[in-house]
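Computed over heavy atoms, backbone and side chain alike; hydrogens, waters and symmetry mates excluded. Naming: A, B, ... by sequence-line order, numbering from 1 per chain.
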Number of protein chains: 2
Amino acid sequence: MITLEDVARRAGVSLATASRVLNGSTRQVGETMRRRVEAAAAELGYRTNVAAQTLARGASNVIGLVVHDLVDPYFAAIADGAMRAAAEQGHMVMVGTTYRDPDREIAYVSTLSAQRVRAVLLAGSRVDDPAITGRLRRELDRYRASGGQVASVGQDLLGVATVAPANREGAAALARALAGLGHRRFAVLAGPAHLITAADRHAGFAAELAALGAPPPQVIHGPFDRNGGYTAIETLDPRVTCVFAVNDVMAVGALARLRERGVVVPDDLSVAGFDDIATLRDLTPPLSTVRLPLAEMGSRAVELALAGESAVIPVAGEVVLRESARKLR
Amino acid sequence: MITLEDVARRAGVSLATASRVLNGSTRQVGETMRRRVEAAAAELGYRTNVAAQTLARGASNVIGLVVHDLVDPYFAAIADGAMRAAAEQGHMVMVGTTYRDPDREIAYVSTLSAQRVRAVLLAGSRVDDPAITGRLRRELDRYRASGGQVASVGQDLLGVATVAPANREGAAALARALAGLGHRRFAVLAGPAHLITAADRHAGFAAELAALGAPPPQVIHGPFDRNGGYTAIETLDPRVTCVFAVNDVMAVGALARLRERGVVVPDDLSVAGFDDIATLRDLTPPLSTVRLPLAEMGSRAVELALAGESAVIPVAGEVVLRESARKLR
DNA sequence: GGCATACTGGCAAACGCTTTCCAGGAGGTG
DNA sequence: CACCTCCTGGAAAGCGTTTGCCAGTATGCC
């Protein structure tokens with residue numbers, strides 16, 4: 001194990017000089033010494049001990065990222081964006097997956113805080129439960145009290161820097177677009193009632209329908225994943241002409257079930273989702289949705305956190321009509 | 001910033017005792033002292049400084065994972081498996097994405113080595129370039145010399161513990177299955193020639209065809225991603241009745257292009273891929289493929305690395321025929 | 001030439017924790 | 001009762017870096 005001291009000795013300089021040469025310092029080191037140190041480091045194969053560096057500096061170059069599920073393309077895209085931004089600033093990313101368990105999320109914040117990561121990013125919808133939110137907030141406060149930065153992608157209810165997708169507005173715009181195709185009788189695959197993202201999208205969609213004078217949609221609750229969409233189809237009212245799933249993976253599940261049941265989309269029924277995950281374009285029919293710049297949201301969150309700004313950055317969604325939704329005949 | 005010393009002082013015990021109580025030690029601490037320390041830690045909100053711990057212990061509890069692209073479901077699945085296994089053993093995972101740049105891969109190994117991570121996992125196909133492999137090996141050797149563990153998912157050519165999917169055999173089995181459906185004229189969307197995974201699957205497939213007495217397939221090279229499959233279709237020989245893409249995402253790209261061109265799968269042409277990524281089941285038609293237990297491969301790699309075993313674990317692929325491949329009429 | 005002003009290099013004190021070694025007391029044995 | 005052993009708590013020496021401070025030298029200016 002080669003240490004800085006070995007390098008210094010070999011180069012015939014002090015520890016301080018070696019440190020200044022090898023690990024970015026504001027102080028200048030003379031040409032001669034610099035060369036000697038660099039040569040020694042190369043010959044010995046010196047590698048900085050980041051743990052020691054972190055300890056001495058009191059600051060690490062690691063960012064913590066907490067997502068619900070890395071296999072979900074939604075989080076994969078956010079994580080990818082976050083990692084790009086992090087890499088650009090010379091940081092590594094440590095990832096934790098909660099599998100949608102709020103306790104696990106809190107535990108990860110605690111672990112990452114112990115790791116003294118420079119920043120923690122929380123991605124994914126929060127649940128509407130004051131007890132859980134309270135515990136999470138306390139954990140985050142403690143982390144921030146020790147100098148950590150926090151940013152979230154999702155709702156602004158943790159009092160931290162947030163990249164907040166316009167769920168309500170996006171869903172409303174989608175409602176308008178779908179109504180524009182002539183649809184009046186809608187169903188909303190609304191996900192779990194306590195999930196705020198789901199609730200917001202549902203609310204935005206329903207409110208806009210009301211504003212347009214359409215009858216209230218059928219509302220079907222269920223899990224926020226593929227299976228949630230899949231099972232929701234069972235209870236679908238046959239008079240509905242257009243289904244809005246509050247996220248894409250639910251829409252994908254719904255499409256699967258519809259196909260099995262012989263319902264042809266979009267001939268018999270129009271379907272739309274939300275998020276615009278990458279896999280959508282390969283479905284048949286391609287799914288209509290509200291596009292969110294997921295990777296960019298991840299990057300922005302990293303930048304926000306690293307800059308220490310506690311802003312709330314709204315992100316607009318863009319309605320993308322594809323074949324899965326068609327004009328009502 | 002609460003340190004262990006603060007806790008010790010508050011509890012009226014020595015640093016040593018506090019350490020033994022709070023951060024797992026083999027030594028016993030008396031009931032009274034133990035309680036006092038725990039109470040003090042709780043009151044003060046003590047959080048271990050992992051950097052200091054790592055430095056003092058000379059060993060960290062972080063695992064490094066290097067993948068090509070986290071958005072690719074193949075790597076997402078492996079990463080997920082790896083993270084599960086890591087979490088089970090109380091480790092965190094630090095991720096780096098190379099975007100298929102070998103230099104970036106080497107750089108990540110170096111960075112992770114500086115982080116003194118307990119183990120490094122390399123996932124994804126290697127390129128057949130002695131210069132690059134050599135540099136990577138040197139970097140890995142250096143890392144291992146400093147006590148690090150390494151495991152890889154893919155080919156066994158780094159001299160490290162490896163979870164090795166049976167690419168040749170899987171492709172051969174697939175060839176047999178497809179030939180069993182009556183196909184004789186095949187095309188192989190073979191990916192880049194220098195990518196070993198791609199080459200192995202191609203070779204296994206072609207060899208089996210030869211053994212079965214089928215004519216040699218048309219071979220179309222291209223990128224190892226969706227676009228590679230997409231563009232390959234342009235040069236497809238019209239006499240071909242069945243296309244084998246060396247991985248699923250290429251097959252997905254091929255399906256997209258075929259659809260655009262009005263070629264109906266499987267009526268006009270059969271298609272198969274390799275890997276069985278999760279998104280396949282939602283395609284129309286569902287894609288035939290060779291299933292690899294991706295998450296399990298990730299977990300196994302972590303276990304291997306953590307156990308310090310340098311075994312090569314073969315993983316068999318299982319042919320899964322779905323609608324995209326049908327009996328030739 | 002004399003003096004103030006950069007520069008540059010080195011010493012040594014942190015950073016927060018683990019662990020070896022030591023001492024003292026409790027308990028067991030002959 | 002003397003002697004050993006076992007157990008528990010504490011003191012202190014690291015672990016590998018960074019960085020504030022000091023000293024010595026070179027530079028610039030009058």
Side-chain angles (χ1 to χ4, degrees), chain A residues 1-38 40-41 44-62 111 113-118 145-148, chain B residues 1-38 40-41 44-62 111 113-118 143 146-148:
Chain A
M1 186 82 297
I2 310 296
T3 74
L4 192 57
E5 192 173 349
D6 299 329
V7 175
R9 190 176 9 248
R10 170 109 175 201
V13 304
S14 76
L15 211 49
T17 302
S19 169
R20 296 198 261 250
V21 170
L22 297 175
N23 305 312
S25 147
T26 47
R27 289 256 324 234
Q28 287 293 313
V29 173
E31 189 60 18
T32 337
M33 301 276 134
R34 146 158 272 123
R35 277 207 209 295
R36 290 230 301 269
V37 172
E38 279 164 353
L44 265 37
Y46 170 71
R47 189 113 310 166
T48 304
N49 182 325
V50 179
Q53 199 170 55
T54 298
L55 179 57
R57 293 221 250 246
S60 85
N61 62 155
V62 176
T111 302
S113 149
Q115 296 276 355
R116 296 298 190 278
V117 295
R118 167 88 104 241
S146 73
Chain B
M1 185 83 298
I2 310 296
T3 74
L4 192 57
E5 191 174 351
D6 300 330
V7 175
R9 189 176 10 248
R10 170 111 174 198
V13 303
S14 77
L15 210 50
T17 302
S19 169
R20 294 198 262 250
V21 170
L22 296 175
N23 304 313
S25 147
T26 47
R27 289 257 321 241
Q28 287 292 315
V29 173
E31 189 58 19
T32 339
M33 300 278 133
R34 147 159 270 122
R35 277 207 208 296
R36 289 231 302 269
V37 172
E38 279 164 353
L44 294 171
Y46 171 71
R47 187 114 311 164
T48 305
N49 182 325
V50 179
Q53 200 170 54
T54 298
L55 180 58
R57 293 221 250 245
S60 85
N61 62 155
V62 176
T111 302
S113 151
Q115 297 276 353
R116 296 299 190 277
V117 296
R118 167 89 102 238
Y143 169 61
S146 73

Nearest-Å distance, CZ (A:Arg47) to C1' (D:dG16)?
16 Å
So do the side chains of B:Leu55 and A:Asn49 get within less than 4.5 Å of each other, counting heavy atoms only?
yes
Rounded distance (Å) that lies between atom P of D:dG16 and atom CG of A:Asn23
14 Å
Tell me: CD1 of B:Ile2 to P of C:dC17, nearest whole Å?
10 Å
Between D:dT19, D:dG10, C:dC17, which nucleotide has the shortest distance from any of its atoms to the side chain of A:Ala16?
D:dT19
Residue whose closest nucleotide on DNA chain D lies nearer the 5' end, B:Gln28 versus A:Ala52:
B:Gln28
Walking DNA chain C from its 5' end, the first of A:Leu15 and A:Val29 to be reached, judged by nearest nucleotide, is A:Val29
C:dT18, OP1 or OP2 - any side-chain N/O from B:Ser19 closer than 4.0 Å?
yes
I'd like to check B:Arg34 versus B:Arg20 (side-chain heavy atoms, cut-off strictly below 4.5 Å). Are they in contact?
no
Separation of A:Tyr46 atom OH from D:dG16 atom C1', in whole Å?
7 Å
From CZ of A:Arg57 across to C1' of D:dG20 the rounded distance in Å is 16 Å
B:Glu31 vs B:Ala56, nearer the 5' end of DNA chain D by closest nucleotide
B:Glu31
Among B:Val50, B:Thr54, B:Val117, find the one that has a side-chain contact (heavy atoms from CB on, under 4.5 Å) with B:Val62.
B:Val117
Write down the distance between CZ (A:Arg34) and C1' (C:dT8), rounded to a whole number of angstrom.
12 Å
Answer yes or no: side-chain N or O of A:Arg20 and base N or O of C:dG10 forming a donor-acceptor pair under 3.5 Å.
yes
Applying a 4.0 Å non-hydrogen cut-off, can you work out what B:Gly58 is touching in the nucleic acid: base, sugar-phosphate, or nothing?
nothing
Could you check which of D:dA11, D:dT18, C:dG10 has an atom nearest any side-chain atom of A:Ser14?
C:dG10
Would you check if A:Thr48 and A:Leu22 make a side-chain contact, meaning some heavy-atom pair closer than 4.5 Å?
no
Any A:Thr17 side-chain N or O less than 4.0 Å from OP1/OP2 of C:dG10:
yes
Checking B:Arg36 side chain against B:Ala11 main chain: does a donor-acceptor pair fall under 3.5 Å?
yes
Let me know the distance between CG of A:Leu55 and P of C:dA13, rounded to the nearest Å.
17 Å
Between CZ of B:Arg27 and P of C:dT18 the distance, given in whole Å, is 14 Å
